[in-house]
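Notes to accompany the following structure.
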Protein chains: 2
Amino acid sequence: MGKKQLIMEKAIELFAQQGFELTSVQQITEHCGISKGAFYLSFKSKDELILAIIDQFMSQMISDTDYQVTNTQEDERTLYKFYFTIFKSSQKHSNFAKILMKEQSQSFNKELGIKFRYYDRLLEKIILTMMERLFGEKIENTKHDLVYCIKGFISIYSELILFNDVPVNLDLLAQSLVEKTNLLASQITIPFVTEEIFQLKRLTNDEVTIEQLLAILDQCLNEAEEPLEKESLSLLKQHLLEPSLSPALVEGLLKNVHDYSNCKWVAFLLRNYFELSSDK
Amino acid sequence: MGKKQLIMEKAIELFAQQGFELTSVQQITEHCGISKGAFYLSFKSKDELILAIIDQFMSQMISDTDYQVTNTQEDERTLYKFYFTIFKSSQKHSNFAKILMKEQSQSFNKELGIKFRYYDRLLEKIILTMMERLFGEKIENTKHDLVYCIKGFISIYSELILFNDVPVNLDLLAQSLVEKTNLLASQITIPFVTEEIFQLKRLTNDEVTIEQLLAILDQCLNEAEEPLEKESLSLLKQHLLEPSLSPALVEGLLKNVHDYSNCKWVAFLLRNYFELSSDK
DNA sequence: TATAATAATGACTTATTAGTCAGTTGTCAA
DNA sequence: TTGACAACTGACTAATAAGTCATTATTATA
């Protein structure tokens, strides 16, 4: 195990400077003082190393944050603890945090992308739960926007403290963000991220299951008014359960459905789904 | 020129999907239907292509935004126009915007990093000026934090609309962010980004070596066409190697150079460099 | 039509990469 | 001391990359 840990630590240093792509296994082994062969005794591939690093640190960060948030009794300290823990954690593992900032959005590696999205979602869940606990019903309509704002604060201030060698007073930073968050939570009235967008985002990013799709389809069918809309949806549902229509027919039905504003996103999901399954 | 534009457009499509590193010149030329040799008739290297793309779009985005902000008379519309223009712009050039999100923070390529930071600073300047105009003295202590929050909003909501195929109501998004911004501007009291941190960040980030500056200068000299441009650049180069001109003369030369769009950022870098060395 | 100039080609070179594997070294029990 | 086993090595392969250049095609001009 010692060797595995050594490789991970040294690799993180290089990744933080150069990124995944531009760091070669050769470089990593030289930096460790071991041979190339030895590397492949510990990890099956470079990708496996990357995934292992992401897993180790993200689960640590997430569970630290979750622990602090769920175990702070006094509500007025919760937000502070949240921000403080996040920034403390990224300061402590600054090399890893730098990697995270650099590679996060670029999910060229399929599995890596899924992993990043998974942890991103965990964090989102923590934030959402925390906000619901702290502000309850008052933020029902704006809660998803609040989650986004908080994520925006974290990302932009992390960049500031990670990539600029400025002396940082974490206590002040946390206080400052708590004030901003409280202000927004108690006073914003115009939501942008609706429940619908939130769900849609969630679905499009993942491999949507057929059950989810059916549920959504049924909901649309219930709301449908025009006969054309109803019939198209119904045919699509049948095709979903038991593929029987030609691509051109499906395409036409999707176009029909797309004309009704409340069904635009179902059309999108279905198109995605059909393309995906026909590719395989 | 037609060929150059074709290559840039096709390359953007590939870069947006795969990123710079994972897109080969071969792929680009195949996607254009031209040969590898033809590519190198238009661009000296893959890096030059990347820099050209960044320049084209960033200067467009920045000047669009600046125009909207400085030409909106009614103060209460300014913020709205600002947000709307930014998001409209990134929606219009969504492939480029995706590249930007992916590659922004990772400045592995030295010159690319400098370029990104240059445009980032221009945007920061626009935001700061706008906020000072709108809120004046009231935000003296918090203005840099406000700039950061706005940048955070832009970055996180851009990600949402670029990487998730959700139907977007830009009008609503802009309104929603205007409300948030106004709230923060009028009510936050705890600043974190002090003038000091702001200045410090500015200085530590721009370690441009004299060699890099010379290389960039030489490149501009090669591309320069107008005699005034050529002569000004040449004089600045001499002054860089062996300071001999008075500040006023240098300032004048920089102004000359600034008039030529392809040299704007060299002027910026030189101004920074001279100020830096005279400060110390 | 003939000639010069320009544009475009793609096989080639050189460099680098991830990953392999036949062989070497070290360790420890019998 | 010996033999068996695991840990380790690094030259090697195969793939892919950026960039070059002798050759060919196209266009403009006289």
Mind checking B:S42 for me? I need base, sugar-phosphate or nothing, with any heavy atom below 4.0 Å counting as a touch.
nothing

On DNA chain C, does the nearest nucleotide to A:S45 precede the nearest nucleotide to B:G37 from the 5' side, or the other way round? Give the residue.
B:G37

Nearest to the side chain of A:V25, heavy atoms from C-beta on, is which of C:dA8, D:dC8, C:dA18?
C:dA18

Keeping B:K46 on the side-chain end and B:F20 on the backbone end, is there a donor-acceptor pair under 3.5 Å?
yes

I want to confirm an ordering. Mapping A:Q26 and A:G33 to their closest nucleotides on DNA chain D, which one lands closer to the 5' end?
A:G33

B:S24 has its side chain closest, among C:dA7, C:dG19, D:dA17, to D:dA17

Please confirm whether any donor atom in the side chain of B:K46 sits under 3.5 Å from an acceptor in the base of D:dG19, or the reverse.
no

B:L41 CG - D:dG19 P separation (whole Å)
14 Å

Without hydrogens or angle criteria, can the side chains of B:Q60 and B:D64 be said to hold a donor-acceptor pair below 3.5 Å?
yes

Of A:Q18, A:Q17, A:H31, the residue whose pairing with A:T23 passes side chain to side chain donor-acceptor pair (under 3.5 Å):
A:Q18

Could you state the atom-to-atom distance from CG of B:L22 to C1' of D:dA18 in whole Å?
15 Å

Look at the side chain of A:E48 and the backbone N and O of A:K44, then say whether any donor-acceptor pair between them is shorter than 3.5 Å.
yes

Rounded off to whole Å, could you give me the CZ-to-P distance for the B:F39 and D:dA18 pair?
9 Å

Which part of the nucleic acid, if any, lies within contact of B:I34, taking any heavy atom under 4.0 Å across all strands shown: a base, the sugar-phosphate backbone alone, or nothing?
sugar-phosphate

Is the distance from OP1 or OP2 of D:dC8 to the nearest side-chain N or O of A:K3 less than 4.0 Å?
yes

Among C:dT20, C:dT9, D:dA18, the nucleotide that comes nearest once only the side chain of B:Y40 is considered:
D:dA18

For the side chain of B:K36, counting heavy atoms from C-beta on, which of C:dA8, C:dA18, D:dG19 is nearest?
D:dG19

